[in-house]
Amino acid sequence: MPSLPVSRRAFLCAAASVVVGACSGTDTTTGSTTSTRPSTPPAPPDSTVDAPATAPVPTEPAATAAPTTSLPPVELPGDPFTLGIASGDADTNGVVLWTRLAPDPLNGGGMPSDDVPVTWEISADEAFTIVAQTGFEIATAANGHAVHAVVPLPAGIHFYRFSVGDYFSAVGRTQAAPAADAATDMVRFATGSCQNYEDGFYSVHRDIAEQRPDFLVWLGDYIYEGAGVPVGGQVVRSHGTPEPTTLDEYRNRYALYKADPELQASHGACPWFVIWDDHEVENNYADLAPQDAGDAAGFAARRQLAYQAWWEHTPTRLPPPPTDGSDYQVYRAAQWGDLVGLALLDGRQYRSDQACGDARFDLSPACPESADPARSMLGGDQEAWLRDTVGEQGTVWNAIGNQTVMSDFTLNGAILNFDQWDGYPAARDRLLGDLVDRQVPNVIVLTGDIHLAGVATMTHPASDQPVAVEFVATSVSSDGLGAEGLAPILQAFPSIVDVELAHRGYILHEVTRTTWTANYRMVEDATFPDTAVVPYKSFVVDAGSTAVRVVTG
Ligand code: FE
Ligand code: CA
């Protein structure tokens, strides 16, 4: 690819001048303006320029100050927008817009060591006939040239794009959330999780892009950390690289995933709210305990690097994680008008280590350790925060975005999976007991992790009070449990409304003031690209009830 000599100073000045009136140098890291002007169509990325094609059309005299070229030029070896674009953490004021500059995505990004200004633009139409707002953000080398631009948006659908020099990103579609007290009659949103690249293709994401929901909640396992397996074995496409432990290796793993065009389209369709599970760091890690105790030395540092890479690739308002490895709070609240409150949990960073040696499918009664009331899934601070959040947002529905299955799947005292809430029964009882005590209505638990589609009603064991309905999205692509005969065992639980293990998919929720409808959509065969995604069943909960109706089959 031809190199593109671009003046860093010229970029910064041109982008900044709209806001500050004149170039103020590199100490300004962000800026924006609202204007209405004709857009500049993208120019072919083969010209040599010293000012970006997106340089805002001057709207005031100070903006006409000529950019200087006193700083050395930044050479871009190619299109920096290989990882696509995204928006996320929509609130009443707007969204955060994300991209990361990476001309050589699988090899550390391929960017020069300079910090680079990136222009963003907002338009009401997909063709950018009129640019309504523009601004810039500095993509720093220290943060992998990731961009997190917090952009105010009025109500309605908006389109956004980024540019650097003559390079333009794809166009994304996004929207702000209705005001917290705005009477909101309806919302459509998706929940999904678990997209192991090696196990399958992303037809789910193609379908989400076509469905254009209002937003998506990602429930974890965005990447998988496993080492590459040769294609022709058990994988349909290989990670191709060893298990990541360094920042560059985690960045390259994210880049492999984010280069997928269907995943990019899904991000481009709506704002995402993203939380993580274990595979963003390592399978089944618990706080600072790695999967294998022998890897404990250095795990804290590895986790911090994995968190940094997560932040660099996530459209979130959160700051980057602390560099000293101390806790990084990602649990947070969101809401969609007065209709849906959303508590987004972190069930990994503060949990007690899995009990009883993290046994799997052991049918003997669980060891006493599992019942220790001191054991926690969320940690004390997050438990207290959750009590202050669920049911306190003034919304019709109170949803909890959660990593691992919360419903009770214990079998005659046996815990089949110590990694999910069954392995933390005292913590679950505290959570459910609090919901009963405060009589929180219309609680919906949204869950990922387990690679099966499930619907369950949840009851507080001490009071026998029904508390919530749990909707478990199956995986986007990650292999299912594959346990022959498990479906009838699970289906026999009185709490389970439905379970389906054989297909990959996601849930498209349609929520009104009177009903919550979870439309399960499934991929016919995720091991092939371009596979059909079809309706499975729809499950309806009426407000004021925890009964679940199956409306289609
Ligand atoms: Fe998973
Ligand atoms: Ca998981």
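This one's a predicted model, so the numbers in the text were calculated from it and none came from an experiment. Both ligands and their constituent atoms are indexed starting at 1 by order of listing.
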Engineer: Short check: any N/O/S atom of His451 below 2.8 Å from the Fe ion (ligand 1)?
Structural biologist: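 An N, O or S atom of His451 is closer than 2.8 Å to the Fe ion (ligand 1), so yes.
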Engineer: To the nearest 10 degrees, could you say what angle the Ca ion (ligand 2) makes with OD1 of Asp449 and OD1 of Asp278?
Structural biologist: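 An angle of 140° at the metal.
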Engineer: May I ask you to check if any N/O/S atom from Tyr224 comes under 2.8 Å of the Fe ion (ligand 1)?
Structural biologist: yes
Engineer: With a 4.0 Å cut-off on N to O distance, would you call Glu282 and Arg302 a salt bridge?
Structural biologist: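 Answer for the salt bridge query: yes.
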Engineer: Any donor-acceptor pair under 3.5 Å linking the side-chain atoms of His205 with those of Gln264?
Structural biologist: no
Engineer: Answer yes or no: is there an ion pair linking Arg251 with Glu312, defined by an N-O contact shorter than 4.0 Å?
Structural biologist: yes
Engineer: Looking only at side-chain N and O atoms, does Asn252 offer a donor or acceptor that is under 3.5 Å from a partner on Glu249?
Structural biologist: no
Engineer: Rounded to 10°, how big is the angle at the Ca ion (ligand 2) from Asp221 OD2 to Asp277 OD2?
Structural biologist: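 Here the angle at the metal atom is close to 110°, to 10°.
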Engineer: Heavy-atom count around Asn412 CG within 6.0 Å, excluding the residue itself: above 12?
Structural biologist: no
Engineer: In Asp221, which N, O or S atom comes closest to the Fe ion (ligand 1)?
Structural biologist: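 In Asp221, the heteroatom (N, O or S) nearest the Fe ion (ligand 1) is OD2.
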